[in-house]
Every structure is written in structure tokens, then in C-alpha cells.
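In what follows, chains are A, B, ... by sequence order, proteins preceding strands, each numbered from 1.
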Protein chains: 2
Amino acid sequence: MPPSRNKDAPAAVKVGAGKGGKAATINDIARLAGVSKKTVSRIINRSPLVREDTREKVEALMREVGYTPDPMARGLAFRKSFLIGMVYDNPTAQFIVNMQYGALDTLRDSGFELVVHPCDSRSPNYIDGVRRFVQQQKLHGVMLVPRVSEDQALADMLDEIGCRYVRIAAVAMDKPERMVVTHDHDGAAEVADYLQTLGHRDIALITGPADYRSAIERTQGFLGALERRGIVLPESRVVEAGYTFESGVAAAEKLLAAKKRPTAIFCGNDEMAAGVYRAALRSGIQIPQQLSVVGYDDSPLASRLWPPLTSVRRDTRDTGRMAAAMLLQSQDGPRPMASVRPHLVIRDSCQPPE
Amino acid sequence: MPPSRNKDAPAAVKVGAGKGGKAATINDIARLAGVSKKTVSRIINRSPLVREDTREKVEALMREVGYTPDPMARGLAFRKSFLIGMVYDNPTAQFIVNMQYGALDTLRDSGFELVVHPCDSRSPNYIDGVRRFVQQQKLHGVMLVPRVSEDQALADMLDEIGCRYVRIAAVAMDKPERMVVTHDHDGAAEVADYLQTLGHRDIALITGPADYRSAIERTQGFLGALERRGIVLPESRVVEAGYTFESGVAAAEKLLAAKKRPTAIFCGNDEMAAGVYRAALRSGIQIPQQLSVVGYDDSPLASRLWPPLTSVRRDTRDTGRMAAAMLLQSQDGPRPMASVRPHLVIRDSCQPPE
DNA sequence: CTGAAAGCGCTTACAG
DNA sequence: CTGAAAGCGCTTACAG
């Protein structure tokens, strides 16, 4: 046949992803590769039912043309978007940002994107808000960040509407394939061991709110480890506060007003530890000479304080990475839960008691 | 006709958004309302070409059924998603989180969602990364946060591919309908006036990196206002640093080592001001008695420091709100730029010189 | 291993 | 002011 038959062949106009021209579609690829769109679809979706040389030819073409399947078209057909939601009710900016970084680390080049949904878990209809968010966008899955991750009603709702989720929490509270556990219990226990080893016996604890699982775990981990080492704190040495700077100041003032002061204070987070610094400064108490202080989070604040604060680091970015990875896993069956281990970062806020 | 004719009528199965049943579609609404899907579409898109009573009837039905149009189907037909992108290269967590909160304030109940895209503007191909992000998701628009907002090459690329964007920056650097201006010049000028009014004459400045527009504006605003009040800083009183804590420490050490120390230091951000605190502590210099310090950002750190740091507040959340609102505006024509004004928050880190 | 048909839930022309 | 047809770019059955 003469070359004129080319009229029947694909127009072969190369359509790059950039500039003025429209982006290539699955039809363009199919036409240019001389296969059906279904075959291209199989390749996009990594189906094994494609001959190896066909796959290679088409993949080369897709690269050359710069083709990426349209997530909205795929989403419409799949009845499911290529979006991962991150739901949180957490005022700690660094924590949230790190979690986002981590999630995006694993989402990069996966075709998925991260859509954020901060909310107010004290608001009566926040669960409805999350439901609308999930259903309207047909989210592929959601990451539940503390403290909303602890809300069983939220998890139940997601389960009911068939939305995949992963909970990030201090301790396992769901099926393992839905959990990233941060083991706050162990982080706090490490603090207890450290203070005991330094020689502290009269130790105080400022806890977070008792309805936060992280606060409970840190408290139990700390007290439990102390007990194992023969130290039992009297009730007067344990003060509940609100995870905030101001509540930390108030709790510290109470503790430091006692006739006999503790020689060390462990705080449920760094913000409250900063509050202890403030109260100590007001009372003319030297840290660490007269008072050792330990925080939790290893926030940027920890190294800005003077003396630099010893604190428990949690690798939040890694946590985010893991949570997103679990959401992308294709199989739905039971898998082991993910774990991220906290560890103590020793700075200059502790020394042996005088 | 007997009731049996109902077989021809809509099945009238009420399909709520929740539970097991599938969500209602435009076809369900059209059928139940007895109009064409095109009419429903017109109502969704707020077309005026619908009779008022038709509109009301259909809207009531949509509410009753809990119908929301599928963003992926709409997006596919529109060739444009209902997603707003936020692109940033900024290490300040609180700033980013506040910007996200602000954007979400205006996106709430708009049918749009926020998808985040942190990036590394020093990486050679980050612009390509943003392009893929925008094109692949067919984003409706993007918010450009400092410092990527200052990159003309990024803006040019977005313009070229026809992507709507808004730049948030210290000063106007694009068409007004694409700008949210934070007037860092004025914020810094207010600091100059404040210090001069307190009686300071020997003042120092620690600037951010000279290739950050915010640093340039704050520097010029500060120096300009001082000059207007008859104070000209010698070169030795102006030190460039990197917007980081450590660089602030180093810059302050240089300034405080001088035979004659300045009586006040203005820092381009709070992190560097925290560095000045650290350096002053090391040298046994009392703040504010022997040295007044002012920061910029009014970050959480400002009130955690001792003494609490006087700083320039920028309403970042409001900035985010405005930027998102500009992206949602339907008309594309020229509009006035948006402005958000900084203002000084006076705490305890300044007093008249001794 | 491959393909033609129908459909996901919307919208854009085009008629009336 | 309203509607029937075709199409957005993919996928799911269903055949071969």
C-alpha cells in the first residue's frame, strides 16, 4: 500500500502536557500506540493481563508524550477520588505541619494529593462536617490525627460510610491495619528512668487533660516506671493541666509553692514545660540547679528556652509517612499495626538534685 | 388512571447522603422534581435562566434529599477541579497553619477544598513540580505564599499554563487582582517610631536574607522611618542574618561585642529575636533594662520568651482568607489588590534607654 | 492477552 | 425559560 494510507493512521500530533495544546488523553495514547483504550487502561492500573512488549511500548509512549491519566475521570469511573484527607483538631502548628510533610513524602508521585480538614471536635456537629467532607469528595481515605483520632464515634461513622481510615494515637485502639501507634507510654517511662538515674526521688508531674489519651499514656508510663524503680508519687505531686502554656504556669506555681519543693518536674508537653520555666523564673528558682524540668514533643520551643529543654521527641513526620502509606496499600486484609518510637533528647534542663 | 400508573413515575426512593444507599445524582433530582437534568444543572450553577418557582421547588428537593453535585463529574465536564492549591516553601509552622486556617475559612461550604503543596524553591525543578501539581489536578487556582510568591518564574509558568493564582507578598509585584499585600514596610516603620519615641537613638537592626522581599521591605521601612525622625544607622549597626534562631544568635553576638552597644535591636523576625535573647543572656545583658528588643511575626514564641517580646503581628489567617476569596471570585477582570495591615504588639521587651 | 459497548455524573453547545 | 443529544476521560462488565 502506498504511504497515502497514512490518512487512516493516527494523526500523530504529539501533544505535550505543557504549553497551549490540550493534554493527551487515553484516546490519544491508544490511537498512537495502535491499541485499544482498554489496554491503555490496563497498563495505567497495573493489570498483569497485558503482554510485556505491549506494556513497554505503551509506557514509552506515555512518557514521551508526558501523559498522566486525569484523576477526575478516573475518580468518576471508580466512584472514588485520588485524595487523602487529613482530619485534625490540634493547636500545635509544628506537629500538624510535620504530619503533613510526612504524608506528602509518601504521596509524592503516587497520583494522590493531600487535602486538609482541621475541625473543632468540641463542636456538636463536627462529625457531620467530616462526613460531608469525605462523601462529597469521595475521599480515598483519611488520616485521623490526635485528638480526633481518639474519638470512637468518628471512627464508627467512617466505618459506616465505608471510608478507609488510619488512626494515629498513643496506643492501639482499633484494628492493627488502621493504627499508627506512637507509644507515649514508653516515652514517658524513659523520662522516669532518666530522672531516677540522675538521683531524683521527689518528682512531680504536670499532666495533660485526663480525656486525652496521650495524657493518660504519658502519665501511666511515667508513674509506672517510677514505681518499678521504687518511687511512688503522692497525689499532691501530680497536677492536671491543659497542655497550654498558661495552664503550665498555674500548675507549676501550685507545685513550687509547697513547703518542700520537688527536685524535678516532668511535663506532658513542651508548652507546659515553658510554663514551668516562667513560674520558676518568677520565684527565682534556678533551672536546672534547683529544679530539673523535662518536656514532651521536642518542639522548636524546647531549644529556644534557656536552659535548652530536655524533651521526648516523637518523629511526627515519620508518623505521617506511615499513616499515608497504610492508606495507599491496596489490599484490605489484616496487617500489623505501624509503630513509631519516641526517644528522649537530653539537653540542659536536668541535673542531679542538690 | 389507576395508581398502578406509578410504575412509570419515578421510583421515588429517597436516597440520603448517608448510610448504605448510593448518594442521589442529578438524574434522581431531575426525575423527582419532574424537570430535565439541564434545569437542575442550571440551578446548581446559579444560572438566572430558571423560573423562580422551579428553582425553589428543586432547591427544596435537593436539601431534602441531601444532594450535592459530584465534584469529580463537574470537574470532568468543566475540565477544572474544585480544588485550591497552596504552594509554599516556608519553615515557619505557625505561619503555614494559620494561612491554611484562613483559606479554609473562606472555602468552607463553597464546595472547594484545599490541597497543600510544600516545596523546596532551591531545588532546580521545583517549578516543574508545581506545574505537574496544577495540571494533573486541574486546579482551580493556587495561593502562592512567601517566599515562593516572590518567584517571578513561578508566576510566569502559571500564567503560561493559564492557571489562576494569587500572590501573598510584602509588596505589590503583580496585577492587583493577583495580590494580597502584607505591607511589611509599614510594620517595620511602626517599630522605628516606637523605639524613637521611647528615646532610643543608638539602634541596631538584624535583617533577614537580602533575597527575601519581606526582609528588604522590613529593612527599608525601618531605616526609612528612622531617617524621617533624624536617625541614620551606621553600617556597623545593620547585620544580615538568615531568619533563623542560630543566625540571630550570631548576629547579636557581633552587635553586642561592640565597645559601645546599641540600646535597642529590631529583628526581622521573632526567631532571630529569640537569638538576641540567648546572646544577651550569655553576655549578662538585661532585657529590657540594658537592651530593648523587638521582633516581627508575633509568633507563639514571642509570649513564651522572658520578658515577653514586643513584636509586629501580621494577621496571617486573614491573609489566607483574602487570598482564597480572590481565587473564588468568578469575574476575571481587574480588581483592587487586597491588603492586610501589620501592627505592633507591645509587651515587655522594650523600655527607654538608661 | 485484547477490544467494543455502556456508563460514571455532570456540562456544553444547540434547539425550541 | 426549558430540554434532548453528545461529550468530558476514564472504567466496568461482557465477549472473544
Side-chain angles (χ1 to χ4, degrees), chain A residues 10 15 17 21-59 61-62 65-83 111-112 135-138 140 330, chain B residues 15 17 21-59 62 65-83 111-112 135-138 140 330:
Chain A
V15 273
K22 305 179 119 12
T25 74
I26 197 174
N27 289 309
D28 299 321
I29 300 295
R31 192 163 32 79
L32 293 173
V35 298
S36 77
K37 59 201 281 194
K38 178 57 200 164
T39 297
V40 180
S41 172
R42 285 202 180 87
I43 289 168
I44 291 170
N45 293 292
R46 289 170 172 58
S47 158
L49 304 176
V50 179
R51 239 172 46 208
E52 194 47 35
D53 57 335
T54 308
R55 173 187 308 282
E56 274 164 18
K57 182 179 69 179
V58 175
E59 279 179 345
L61 184 64
M62 297 199 301
V65 174
Y67 168 75
T68 350
D70 182 326
M72 288 187 293
R74 291 230 286 165
L76 180 58
F78 274 135
R79 293 159 194 72
K80 187 169 236 176
S81 76
F82 290 83
L83 299 174
F112 286 82
Q135 290 192 314
Q136 195 165 321
Q137 303 296 325
K138 295 202 171 72
H140 179 268
S330 43
Chain B
V15 274
K22 306 180 119 10
T25 72
I26 197 174
N27 289 308
D28 299 323
I29 299 296
R31 192 164 32 78
L32 292 173
V35 299
S36 76
K37 58 200 284 193
K38 178 56 200 164
T39 297
V40 179
S41 173
R42 285 202 180 86
I43 289 167
I44 291 171
N45 293 292
R46 292 172 170 59
S47 157
L49 304 176
V50 178
R51 240 174 46 210
E52 194 46 35
D53 56 335
T54 309
R55 172 187 309 280
E56 273 165 19
K57 181 179 68 180
V58 175
E59 279 178 345
M62 298 199 299
V65 175
Y67 167 76
T68 351
D70 183 325
M72 288 187 292
R74 291 230 287 165
L76 180 58
F78 273 136
R79 291 158 196 74
K80 187 168 237 177
S81 77
F82 289 83
L83 299 174
F112 285 82
Q135 291 191 313
Q136 196 165 319
Q137 302 297 326
K138 294 204 171 73
H140 179 269
S330 44

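- For B/L76, the side-chain contact (heavy atoms from CB on, under 4.5 Å) partners are A/D70, A/A73, A/L76, not counting sequence neighbours.
- When all heavy atoms of A/S41 and A/I26 are compared, the pair lying nearest together is N-CD1, 3.9 Å.
- Take A/R51 and apply the side-chain contact (heavy atoms from CB on, under 4.5 Å) test, not counting sequence neighbours, and it matches A/D53, A/T54.
- Contact record, A/I44 with A/Y67: CD1-OH, 3.5 Å, taken as the closest heavy-atom pair.
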Determine, stepwise, if the pair A/I43 / A/V35 fulfils side chain to side chain contact (heavy atoms under 4.5 Å, CB included).
CA-CA 11 Å; A/I43 289 168; A/V35 298; over 6 Å; no
Provide a list of protein-nucleic acid N or O atom pairs under 3.5 angstrom, restricted to nucleotides 9-16 of chain D.
residue : atom : partner : partner atom : Å
D/dG9   : N2   : A/A73   : O            : 3.3
D/dC10  : OP1  : A/Y67   : OH           : 2.8
D/dC10  : OP1  : A/D70   : N            : 3.0
D/dC10  : OP2  : A/I26   : N            : 2.5
D/dC10  : OP2  : A/Y67   : OH           : 3.3
D/dC10  : O5'  : A/Y67   : OH           : 3.3
D/dC10  : N4   : A/K37   : NZ           : 2.8
D/dT11  : OP1  : A/N45   : OD1          : 3.3
D/dT11  : OP1  : A/N45   : ND2          : 2.6
D/dT11  : OP1  : A/R74   : NH1          : 3.3
D/dT11  : OP2  : A/S41   : OG           : 2.4

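- Scanning residues 47-54 of chain B for heavy-atom distances under 4.0 Å to DNA chain D yields B/L49, B/V50, B/R51, B/T54.
- In this structure, the CD1 atom of A/I29 is 15 Å from the P atom of C/dG3, given to the nearest Å.
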Secondary structure of DNA chain D per the Watson-Crick/G-U criterion (both distances under 3.5 Å; [ ] crossing, | other strand, . unpaired) is |||.||||||||.|||
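- Listed here is the closest heavy atom pair of A/A30 and A/S36: CB-C, 3.7 Å.
- Under the salt bridge (Lys or Arg N to Asp or Glu O under 4.0 Å) criterion, B/R79 pairs with no residue, sequence neighbours left out.
- Distances shorter than 4.0 Å separate none of the side-chain N or O atoms of B/S36 from OP1 or OP2 on D/dT2.
- No side-chain heavy atom of A/P71 sits less than 4.5 Å from a side-chain heavy atom of A/R74.
- Between A/R46 and A/R55, the shortest heavy-atom contact is CA-NH1, 4.5 Å.
- You'll find the side chain of A/V50 stays beyond 4.5 Å of the side chain of A/V58, heavy atoms only.
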